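All remarks here apply to the structure that follows.
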Amino acid sequence: MQVTEKTIRALMRNARDVATVVGADGTFTYVGDAAARVLGYAPERLIGTHLTDHAHPDERDEVVRRFAARWEAPSTLSGTAVFRFRHADGRWRWVEATGNNQSDDPDIGGVVLNVRDVTEQLDTAERLRVSEARYQTLAESAPVGIFQTDADGGLLYANARLASIAGLPPERLLGDGWFDAIHPQDRAQVAAEWRAGLATDRPLLLDFRFHDAMAAVDMRVLCQRVPLEGGGGFIGTITDVSEYVRTANALLLSEARNQATLDTVADAILTIDDRDCIVSFNRAAEEMFGVSAADVQWNAVDALFPATHLREAAGERFAFAPGQTTAVIARSRLIEARRPDGSALPIELSVSASEVEGRRFYTGILRDVTERRRIEREIIAAKEAAEAADKAKSAFVATMSHELRTPLNAVIGFAQLLEMKLNDPAAINLYPDYVRSIRQSGEQLLAIIDEILDIARVESGRLELADDALDLGGVVVQAVADQQFFANHHAIALEVALDPDLPPVRGDERRLRQALCNLISNGIKFSHPQGTVTVSAGCDAAGWVALVVRDTGIGLDPADVHKVTQPFVQLDQSMARKFEGVGLGLPLARRLVEAHGGTLTIDSQVNQGCTVTIRLPPDRIVTVEDLLG
């Protein structure tokens with residue numbers, strides 16, 4: 001193929017370089033077609049213009065100097081210069097001009113310049129330089145160790161911080177030198193994992209210790225390594241986490257100590273956040289509510305008691321004093337909580353508030369006051385009982401004074417009559433009545449004293465009972481006979497109803513008759529004239545022996561039944577009361593029956609009479625075998 005001028009011009013039009021010829025005076029004598037594409041000028045626009053017309057003002061002198069040197073240079077000797085050339089659009093572009101002196105060639109007659117736009121290359125190079133400088137600055141000022149390795153894992157670069165962490169000069173770290181700074185106990189494992197990770201493109205994370213033998217100090221570090229793109233090695237960081245580890249360990253120790261303290265205190269302690277969720281629940285709280293901390297944590301406290309009890313009064317948010325983050329907002333609140341099983345729990349609550357990073361927490365100290373309330377109730381009951389006892393004592397003294405004075409006055413009065421009429425023959429026929437009255441009054445006084453002594457023996461546990469086989473029917477008949485005179489005096493009829501199959505029992509005949517006499521006497525005393533008192537005996541359906549004393553008298557309010565079985569209690573305790581007595585009949589009867597293992601119950605209504613039932617247990621019944629044995 002023959003190369004023609006047309007072919008050469010076509011090739012130069014598409015070239016990256018602009019081919020030009022500059023004459024001795026520095027003007028363009030020829031400009032290739034590529035000028036329009038590279039410099040934005042049509043070739044004819046540049047021909048005849050001076051080279052410096054297009055150079056940056058700061059570089060024109062240098063352009064002139066270099067062109068003159070090239071013109072003076074021997075033929076065919078080339079040289080290169082870089083300067084700024086104004087583009088047709090007005091921007092300055094960096095161009096690289098390669099000059100070749102062809103002034104001796106008559107067909108050329110000047111310096112041939114090949115001009116190439118190198119603006120993009122220079123900008124890229126500058127950005128790279130700036131980027132590398134920036135990276136170098138960042139790497140050297142970073143608070144963590146930074147390194148770069150080759151494909152085999154040997155360190156190519158280590159910044160100053162890495163040298164400081166490892167305790168070795170930077171040059172000692174390069175290659176595998178940094179392994180020397182690793183704690184001897186960790187070195188083999190780190191080396192193995194370091195090299196094993198080279199065959200993968202996954203990031204590597206290592207946790208190990210650097211050891212400074214001179215200072216005898218261990219430093220915990222965290223190493224992260226990632227591969228570079230293109231498989232050209234790795235880049236990574238080594239971070240000193242010693243302080244973090246110490247802080248974390250101190251925090252764990254503090255939390256463990258705090259938890260141990262919370263778990264050993266006797267009071268229940270719980271904390272809620274500003275959403276009313278339980279965030280802590282100590283062991284005492286678990287025992288108090290009967291539920292584990294795991295079951296209630298992060299659940300609403302309302303399941304145990306309203307959250308308002310753990311907050312400020314009236315719902316007004318407490319404002320902390322400057323510099324404070326905790327404060328007590330309530331002491332000794334008495335509230336009622338509820339266990340998960342639904343049972344109520346009275347507690348005393350003290351509350352403090354605290355703030356952490358803008359979040360408010362409320363801590364409550366809870367104390368179960370169930371026992372305290374029980375004691376308080378017992379103290380109140382004891383106080384009331386003491387007051388009642390004091391009142392009863394006063395009433396008893398007054399009653400006893402009256403009851404003892406009556407027979408004593410009779411004794412003294414009739415004795416005085418005997419003394420006054422001792423020498424009066426006309427009064428001798430009255431002596432038997434006087435003596436009889438003295439005897440009856442003395443017996444009455446003795447009966448009162450005996451009842452007092454008996455009740456004292458029972459209360460002190462010193463009452464001794466006989467355990468003989470006895471005919472219970474006979475006991476009933478004898479008791480009725482003993483009270484017949486008293487019944488006749490009050491116009492009361494006594495009736496007896498005995499079961500034909502009434503079995504014998506074991507017991508103290510005198511004490512059982514005494515109990516029956518007391519009940520019959522009460523029935524007579526509180527019955528209306530012409531009334532009836534019935535005494536019956538038999539066995540009930542449960543096999544117990546039942547002795548029943550029933551009257552048709554004034555009766556009593558069921559609410560007062562428990563009172564009349566207490567010693568020295570009379571419902572009417574006024575000095576003008578209608579019914580005499582010291583109030584020991586029913587209490588003594590009940591205790592004598594209970595001493596036999598039995599029970600005494602009272603069934604009564606006002607104005608409907610009263611029924612008193614003595615029940616003796618089946619083991620008191622004497623069998624045929626017992627009699628034969």
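Everything numeric here is computed off the predicted structure, so don't read it as measured data. Numbering of residues begins at 1 and proceeds along the displayed sequence.
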Indicate yes or no: at least one non-hydrogen side-chain atom of [X] is less than 4.5 angstrom from one of [Y].
X    : Y    : result
H596 : L512 : yes
L516 : L547 : yes
D273 : R359 : yes
V612 : T601 : no
I335 : I347 : yes
W544 : I614 : no
M219 : S242 : yes
T611 : V548 : yes

Considering non-hydrogen atoms only, spot the tightest contact between [X] and [Y] and give its length.
X    : Y    : result
D302 : A307 : OD1-N, 2.8 Å
G543 : I621 : O-CD1, 3.5 Å
G555 : S604 : CA-OG, 3.4 Å
S354 : T326 : CB-CG2, 3.5 Å
A469 : V622 : CB-CG2, 4.1 Å
A542 : P618 : O-CG, 4.2 Å

Side-chain donor-acceptor pair present, [X], [Y], cut-off under 3.5 Å:
X    : Y    : value
S521 : N518 : no
E286 : N282 : no
T532 : T552 : no

Worksheet item: Which is it for R513 and V476 under the side-chain contact (heavy atoms from CB on, under 4.5 Å) test, yes or no, and what are the steps along the way?
Response: CA-CA 7 Å; R513 187 173 71 249; V476 172; over 6 Å; no
Worksheet entry | Mutual orientation of the aromatic rings belonging to F485 and H489 [parallel < 30°, tilted 30-60°, perpendicular > 60°] | parallel
Does [atom1] belonging to [X] count more than 12 external heavy atoms closer than 6.0 Å?
X    : atom1 : result
R275 : CZ    : no
R550 : CZ    : no
R283 : CZ    : no

Does [Y] offer a backbone N or O that forms a donor-acceptor pair with the side chain of [X] under 3.5 Å?
X    : Y    : answer
D551 : C610 : yes
E355 : R360 : no
S343 : R339 : no
R338 : F305 : no
T271 : V279 : no
R333 : L349 : no
D508 : L465 : no

Gap between atom [atom2] of [Y] and atom [atom1] of [X] - 0.5 Å precision:
X    : Y    : atom1 : atom2 : result
E376 : E378 : CD    : CD    : 11.0 Å
R331 : I365 : CZ    : CD1   : 9.0 Å
L616 : D619 : CG    : CG    : 9.5 Å
I272 : L310 : CD1   : CG    : 4.5 Å
F361 : S352 : CZ    : OG    : 12.5 Å
H490 : F526 : NE2   : CZ    : 10.0 Å

Worksheet entry | Presence of salt bridge, R220 and D240, under 4.0 angstrom |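 Salt bridge between D240 and R220, a charged N being under 4.0 Å from a carboxylate O: no.
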Worksheet entry | Candidates L366, V369, D368 - the one meeting side chain to side chain contact (heavy atoms under 4.5 Å, CB included) with L345 | D368
Discussion item. Between Y362 and L270, is the side-chain contact (heavy atoms from CB on, under 4.5 Å) condition met? List the steps.
Written reply: CA-CA 8 Å; Y362 297 89; L270 63 83; over 6 Å; no
Worksheet entry | Candidate pair R510 and L592, rule side-chain contact (heavy atoms from CB on, under 4.5 Å), full reasoning | CA-CA 10 Å; R510 184 172 71 87; L592 292 175; over 6 Å; no
Worksheet item: Can you list the steps and then say if L498 with V535 is a side-chain contact (heavy atoms from CB on, under 4.5 Å)?
Response: CA-CA 8 Å; L498 299 178; V535 182; over 6 Å; no
Practice prompt. Tell me, with the steps shown, if R590 and E594 meet salt bridge (Lys or Arg N to Asp or Glu O under 4.0 Å).
Written response: CA-CA 6 Å; R590 181 171 69 88; E594 289 175 350; 3.0 Å; yes
